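Bear in mind that the values here come from a model prediction, so they are computed numbers and not experimental data. Reminder, nothing fancy here: chain letters follow the sequence lines and each chain counts from 1.
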2 protein chains.
Amino acid sequence: MSQLQPVLDEAISGLSPLETGVIDLFVNGVRVLGLPKSLGEIYGLLCISPEPLSFDAILNRLQISKGSTSQGLKFLRTLGAVRCVYVAGTRKDHFVAETELKKLVGGFIREELLPHLHSGTERLEHIDSIPQDPEHEHAAFYQERLSKLNVWHRRTEKFLPLVQRFFS
Amino acid sequence: MSQLQPVLDEAISGLSPLETGVIDLFVNGVRVLGLPKSLGEIYGLLCISPEPLSFDAILNRLQISKGSTSQGLKFLRTLGAVRCVYVAGTRKDHFVAETELKKLVGGFIREELLPHLHSGTERLEHIDSIPQDPEHEHAAFYQERLSKLNVWHRRTEKFLPLVQRFFS
DNA sequence: GGCTTTGTTCAAGAATAAATGAACAGAATA
DNA sequence: TATTCTGTTCATTTATTCTTGAACAAAGCC
């Protein structure tokens with residue numbers, strides 16, 4: 001059926017100026033966050049698409065590989081930046097962008113920032129476990145610095161919930 | 001004179017467990033921020049050094065190249081994360097880590113985030129300048145999305161000063 | 001002026017991260 | 001069951017970023 005009547009979504013077609021502009025915006029955006037360009041492309045396209053897009057539609061319109069599309073969508077789903085929606089009359093998955101800033105920020109904190117923060121916690125615990133020589137010439141200095149590092153770390157831990165709240 | 005009495009700072013010497021631990025912490029830290037590892041090494045070493053370190057001391061103790069040392073220190077200075085201090089009896093520059101979180105955060109915002117944010121402003125202005133067809137089937141949708149992108153952007157602009165304040 | 005010390009710059013190489021596409025697996029169709 | 005459709009995985013290729021070290025400048029010393 002769908003062979004007799006090709007679905008427009010999946011035809012190879014250029015991007016409109018609007019689409020290009022929005023994709024460009026997000027490609028720039030994900031760079032700041034240290035994420036691959038393809039994520040920005042996919043999210044940007046979905047963000048400005050009035051209708052859910054199929055896997056193939058994304059791949060065709062962005063002219064990127066299956067691998068990038070698959071992995072990009074997978075990661076965007078774990079972030080909560082993209083949702084899979086049911087579309088009648090097709091087996092294919094269809095995707096839409098999640099546009100609640102709250103969720104996007106939450107996903108990024110959860111998937112990207114917290115793991116690093118926890119890694120930092122461990123490293124700090126390791127440092128704190130190193131035996132100190134109280135007779136060392138600079139013992140007081142070391143003590144002060146380690147204390148400062150711990151303060152920084154705790155403050156960062158308090159910071160993330162605040163970020164989350166700011167974008168809610 | 002200094003040839004007869006070699007300065008300890010510049011002798012090749014291993015790193016103590018404490019130094020290694022702190023460097024490791026910062027190497028992990030700068031990764032989150034999307035900065036090169038060598039920056040973390042240099043800042044970490046300076047951070048846990050009771051005395052100002054010379055260019056050569058940094059290079060020798062970290063076993064990194066002159067290029068990395070020079071560029072790393074240069075960038076850390078523009079961030080305000082490292083200061084050059086005068087040390088009597090030597091021509092060499094000596095460096096110390098800046099440990100006011102406020103300044104570090106401020107430098108990172110100024111040098112890394114604001115340029116990206118401004119780039120985003122321009123991209124958004126470009127999008128907003130694209131002529132819209134009010135008769136388009138999805139005109140209302142496009143309008144709503146563009147409006148949302150502008151809201152996100154303005155909120156992010158308000159966010160940075162808040163970050164700065166939180167770490168002051 | 002010549003020589004040494006100190007640090008910068010930048011082209012080339014090394015290391016890392018991202019994108020590709022072919023092989024694969026699962027599920028619907030027939 | 002065989003076949004097609006849909007999407008995933010992962011080794012390889014490609015692109016990007018980081019590091020290196022040699023050549024260079026600038027400034028002090030003799």
Rounded to the Å, how far apart are B:Leu33 CG and D:dC18 P? 13 Å
Among the candidates C:dA19, C:dT8, C:dC10, find the nucleotide nearest to the side-chain atoms of B:Gln71. C:dC10
Nucleotide nearest A:Lys92 when distance is taken to its side chain, options D:dT6, D:dT9, C:dA18: D:dT6
Would you mind classifying the nucleic acid contact of B:Thr69 as base, sugar-phosphate or nothing, using non-hydrogen atoms under 4.0 angstrom? nothing
Only one of A:Leu25, A:Val22, A:Leu15 forms a side chain to side chain contact (heavy atoms under 4.5 Å, CB included) with A:Ile48, so which one is it? A:Val22
Using only side-chain N and O atoms of A:Ser38, determine if any of them is under 4.0 Å from OP1 or OP2 of C:dA19. yes
Taking only side-chain N and O atoms of B:Lys66, does any of them lie within less than 4.0 angstrom of OP1 or OP2 on D:dT19? no
Gap between atoms CG and P, on B:Leu73 and C:dT9 respectively (whole Å): 12 Å
Can a side chain N or O of B:Ser68 be found less than 4.0 Å away from OP1 or OP2 on D:dT20? yes
Whole-Å distance separating the CD1 atom of A:Ile42 from the C1' atom of D:dG7: 13 Å
Checking B:Thr69 side chain against B:Ser65 main chain: does a donor-acceptor pair fall under 3.5 Å? yes
How many whole angstroms separate atom CD of B:Glu41 from atom C1' of C:dA15? 14 Å
Distance, rounded to the nearest Å, where B:Leu59 contributes CG and C:dT5 contributes P: 16 Å
Below 4.0 Å: OP1/OP2 of C:dA18 and any side-chain N or O of A:Arg31: no
Write down the distance between NZ (B:Lys74) and C1' (C:dC10), rounded to a whole number of angstrom. 11 Å
Closest to the 5' end of DNA chain D, once B:Leu39 and A:Gly67 are matched to their nearest nucleotides, is A:Gly67
Short side-chain to backbone donor-acceptor contact, B:His126 and B:Glu122, under 3.5 Å: no
Can you tell me the distance, in whole Å, between the CG atom of B:Asp93 and the P atom of D:dA26? 16 Å
If you assign A:Ser65 and A:Arg91 each to the DNA chain C nucleotide with the nearest heavy atom, which residue ends up on the more 5' nucleotide? A:Ser65
Calculate the interatomic distance between B:Gln63 atom CD and D:dT19 atom C1'; express it in whole Å. 14 Å
Ignoring backbone atoms, test whether B:Lys37 places a side-chain nitrogen or oxygen under 4.0 Å from the OP1 or OP2 oxygen of C:dA15. no
Name the closest nucleotide to the A:Phe55 side chain, picking from D:dC18, C:dT8, D:dG7. D:dG7
I'd like to know if B:Val96 and B:Leu62 are part of one continuous hydrophobic network [Ile/Leu/Val/Met/Phe/Trp/Tyr, side-chain heavy atoms within less than 4.5 Å]. no
Determine whether B:Leu73 and B:Val85 fall in the same hydrophobic cluster, where Ile, Leu, Val, Met, Phe, Trp and Tyr are linked whenever their side-chain heavy atoms lie under 4.5 Å apart. no
